[in-house]
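All values below were derived from every heavy atom in this structure, side-chain atoms included, with hydrogens, water molecules and symmetry-related copies excluded.
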Amino acid sequence: MTHLPTILILLPLLGALAGALTYLWPTGAKRRSNIRTLEHSNIRDTIAMATTTGSVVLAAVLAWTVFLSLWLGGGAASHVDWFTWLNAGPWQVTFGALTDKLSATMYVVVATVSACVHVYSIGYMHEDASRRRFFIYLSAFTFAMLMLVSAPNLVQMFLGWEGVGVCSYLLIGFWHHKESANAAAMKAFIVNRVADAAMLVGLFLLLQTFGSLTYGDIFGQLGANTAALMNAVTPLFGYEVSTLSLAALLIFVGAMGKSAQFGLHTWLPDAMEGPTPVSALIHAATMVTAGVFLLCRLSPLYELTPDVLHIVAYVGALTAIFAATVGLTQTDIKRVIAYSTCSQLGYMFFAIGVSAYPAAMFHLTTHAFFKALLFLGAGSVIHAMHHEQNIFRMGGLKTVLPITYVCMWLGSLALAGIPPFAGFFSKDLILESAFMAPGGWAQPVYYVGALAAMLTAIYGFRIVFMAFEGAFMGDEKVRSHAHESPWVILGPMMPLAAGAVLAGLLLSPMGTLEWWQGAIVISHHHDALHAAHHTPAYAKYAPLLLAICGIAAAWYLFAEYRNIPRKLASVLAIPYAISLNKWYVDELYDLAVVRPTRVLAGWLYRFVDQEGIDGLVNGAADATKQAGQALRQTQTGHVAHYAFAMVMALVVGLGLLLWRVMG
């Protein structure tokens with residue numbers, strides 16, 4: 001059992017490498033014909049899809065084996081060192097696998113969703129000429145994420161973190177013939193690099209403070225030297241700030257970028273330019289949850305920085321309400337679900353902010369199932385509608401796509417938090433923890449989260465009712481060719497649908513601190529999670545009531561009386577414009593950052609590059625050229641001229657010599 005984590009981590013890498021080796025397949029140049037080349041290409045594609053998909057499916061089986069052995073079998077956490085990567089004096093960095101309840105949970109989430117996405121992609125990407133490259137990217141992404149969650153130290157974690165970023169860049173820009181896909185990939189990469197720069201500074205602070213970036217070393221010192229570490233300060237802009245708080249805040253900024261919190265969220269909706277399976281993999285259970293996982297892994301550090309926890313809570317609440325309001329007006333089915341992801345990540349972060357880390361991880365797990373189900377369901381709709389993604393050009397599809405319709409209902413009920421579906425148990429635990437946080441400081445966060453719960457129900461069922469109910473509003477030619485997806489697409493949705501229904505009930509022990517067996521630490525001063533069991537009835541059931549009202553409102557507005565939203569948009573023109581334009585965050589960045597940077601770059605190009613550097617280099621070249629041309633005039637070819645020049649030089653030389661001697 002000790003080596004199972006190592007095997008499941010390496011399996012996706014082996015699958016990706018095996019798929020990459022098919023590019024070395026000889027094409028048979030002497031007998032190359034269009035038919036022969038196509039046959040060879042299909043064989044190579046089949047081998048690549050089989051190796052990558054098979055390796056990830058096997059990794060998912062092993063992930064469940066490890067997870068259940070820790071949970072039901074009472075297995076102990078394990079730490080396996082693979083090799084020493086850096087050895088700089090007393091500081092060593094080893095690669096290995098730390099397997100406890102926290103990492104085992106992420107094994108299951110990452111490998112299960114990835115396995116479903118791989119199988120789903122066999123059908124969805126069937127007609128894509130570059131599907132082999134797509135599957136290799138998927139498996140490499142899965143490997144990088146597993147490296148991240150299994151890391152025993154922050155160095156390996158950061159390498160996995162950056163590996164996920166590179167793979168997401170490749171997957172978002174997979175259709176590189178589209179300018180919008182290239183721009184989206186660059187945007188995701190750059191925004192995350194800004195956040196990761198802050199994280200790197202935070203890691204350097206931790207290394208300076210603890211002399212190590214290994215989790216065990218850091219947590220051991222936090223427990224043994226708590227008072228001294230809390231009093232340690234770092235000079236910053238003329239002030240002295242707590243070193244632990246500054247490091248925790250900078251690492252949180254890095255998590256904000258990866259997990260698309262408000263301000264660093266702008267890459268997330270644009271990432272929909274990638275194929276739909278990419279959206280499911282990145283936005284449901286893997287890359288965007290890395291920030292939540294990291295903060296939970298570092299819970300001993302954050303428990304000593306309550307000021308940073310407050311910031312985490314407020315940023316999470318702001319993200320939840322921001323994304324929920326924007327999701328109300330978007331027309332692209334995938335973008336609505338993307339903003340839903342952003343909002344749900346906000347819930348996870350404000351759970352961390354009130355020290356309810358188990359609730360955050362519980363919601364991360366349940367969210368993975370129903371959000372992946374919603375993305376794959378949306379992909380099924382897009383596949384049936386010949387790549388149409390505008391929900392205002394759909395309608396009446398429930399008779400054409402009955403299985404997809406049921407799956408979208410299940411995923412939307414779980415997203416809205418309706419019992420007994422998965423989202424009800426985890427999201428309500430987060431809200432109750434916020435309401436019962438000591439001192440009542442987080443109750444505003446609770447009220448924001450409860451309002452976001454109602455908005456979530458509205459935009460979630462807006463998709464269902466606009467796409468599947470009422471009359472068809474698109475091109476009738478597209479409607480006549482629409483049909484239910486094949487089982488290679490529908491099949492992977494079944495386990496996700498089961499998770500959307502049952503995960504909340506079956507995994508409810510995750511919501512307790514004891515279940516994590518020391519993988520998560522909570523100070524006894526922060527008892528919001530424990531106090532959540534004593535939440536007053538009105539606060540406990542208000543989010544559920546609001547969610548039910550949201551579903552009813554969605555039915556009324558988007559199934560029965562579809563003309564009312566248009567009237568509301570005209571009456572509430574300003575709020576509608578703010579929502580439709582995503583709070584104008586991109587426009588603000590364009591005004592405050594992009595345009596000044598472009599002006600500065602233009603000025604530097606003109607005056608520094610062209611007139612300064614180019615002027616200096618070209619001027620030196622021109623001076624040399626002119627001097628050469630002038631010197632060339634002395635080359636007349638007449639011996640008398642050369643003799644005269646030699647005599648003159650001799651006279652001048654002798655004159656200077658006599659002047660120095662006589663002087």
Side-chain angles (χ1 to χ4, degrees), residues 93 137 140-145 147-149 151 153-174 176 179-207 213 236 246-274 278-279 281-283 286-295 297-298 311-312 315 319 338 341-342 345 349 582 585-601 604:
V93 176
Y137 290 168
F141 183 100
T142 306
F143 165 71
M145 191 65 196
M147 283 285 288
L148 188 161
V149 300
N153 57 68
L154 286 163
V155 177
Q156 181 179 326
M157 181 283 302
F158 190 73
L159 291 175
W161 188 277
E162 294 303 303
V164 168
V166 170
C167 292
S168 68
Y169 167 80
L170 296 173
L171 287 167
I172 293 169
F174 177 75
H176 49 75
E179 185 61 34
S180 57
N182 292 328
M186 286 296 297
K187 188 174 185 179
F189 195 79
I190 293 171
V191 170
N192 277 278
R193 296 298 71 72
V194 172
D196 291 351
M199 173 177 277
L200 270 177
V201 178
L203 296 184
F204 289 141
L205 278 175
L206 291 182
L207 179 59
L213 289 177
L236 182 67
L246 181 59
L249 180 61
L250 290 170
I251 291 173
F252 169 60
V253 172
M256 284 178 64
K258 197 69 74 183
S259 295
Q261 294 302 281
F262 183 79
L264 293 172
H265 69 279
T266 53
W267 66 270
L268 188 72
D270 291 353
M272 296 299 101
E273 290 293 337
V278 173
S279 304
L281 187 61
I282 292 178
H283 298 81
T286 51
M287 177 170 154
V288 293
T289 60
V292 178
F293 163 80
L294 179 60
L295 267 58
R297 174 62 80 191
L298 295 175
I311 295 173
V312 174
V315 169
T319 304
T341 298
C342 189
L345 288 166
F349 272 97
K582 301 157 285 188
V585 175
D586 284 292
E587 288 78 4
L588 179 62
Y589 280 161
D590 183 67
L591 182 64
V593 179
V594 177
R595 293 186 185 181
T597 302
R598 186 181 291 119
V599 171
L600 177 61
L604 291 173

Report the distance from atom [atom1] of [X] to atom [atom2] of [Y], rounding to the nearest 0.5 Å.
| X | Y | atom1 | atom2 | result |
| --- | --- | --- | --- | --- |
| F174 | N182 | CZ | CG | 12.5 Å |
| L249 | F252 | CG | CZ | 7.5 Å |
| Y169 | K187 | OH | NZ | 15.5 Å |
| I172 | M272 | CD1 | CE | 8.0 Å |
| L206 | I251 | CG | CD1 | 4.5 Å |
| L207 | L200 | CG | CG | 11.5 Å |

Shortest non-hydrogen contact from [X] toward [Y]:
| X | Y | answer |
| --- | --- | --- |
| L345 | V288 | CD2-O, 3.4 Å |
| S180 | E273 | OG-OE1, 3.0 Å |
| S168 | I282 | CB-CD1, 3.9 Å |
| F349 | S259 | CE1-CB, 3.4 Å |
| C342 | L268 | CB-CD2, 3.7 Å |
| G274 | S279 | O-OG, 4.3 Å |

Quiz item: Which of these passes side-chain contact (heavy atoms from CB on, under 4.5 Å) with L148: F158, F143, W161?
Solution: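 That would be W161.
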
Quiz item: Which one of L294, D196, V292, T289 satisfies the side-chain contact (heavy atoms from CB on, under 4.5 Å) criterion with K258?
Solution: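 Exactly one candidate clears the test, D196.
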
Practice problem: Could you give me the CA-CA distance, side-chain angles and deciding distance for M256 and V315, then say whether side chain to side chain contact (heavy atoms under 4.5 Å, CB included) is met? | Solution: CA-CA 9 Å; M256 284 178 64; V315 169; 4.1 Å; yes

Check: [Y] and [X] side chains under 4.5 Å, non-hydrogen atoms:
| X | Y | value |
| --- | --- | --- |
| M199 | V253 | no |
| W267 | N192 | yes |
| T266 | V585 | yes |

Quiz item: Are R193 and E162 close enough, and set up right, to give a salt bridge (charged side-chain N to carboxylate O under 4.0 Å, His left out), and what steps lead you there?
Solution: CA-CA 9 Å; R193 296 298 71 72; E162 294 303 303; 3.2 Å; yes

Self-check item: Residue pair V93, N153: steps toward the side chain to side chain contact (heavy atoms under 4.5 Å, CB included) verdict
Solution: CA-CA 8 Å; V93 176; N153 57 68; 4.1 Å; yes

Quiz item: Would M145 and T142 count as a side chain to side chain contact (heavy atoms under 4.5 Å, CB included) if you check the C-alpha gap in whole Å, the side-chain angles of each, and the deciding distance to 0.1 Å?
Solution: CA-CA 5 Å; M145 191 65 196; T142 306; 5.8 Å; no

Exercise. Could you go through the side chain to side chain contact (heavy atoms under 4.5 Å, CB included) check for D586 and D590 one step at a time?
Key: CA-CA 6 Å; D586 284 292; D590 183 67; over 6 Å; no

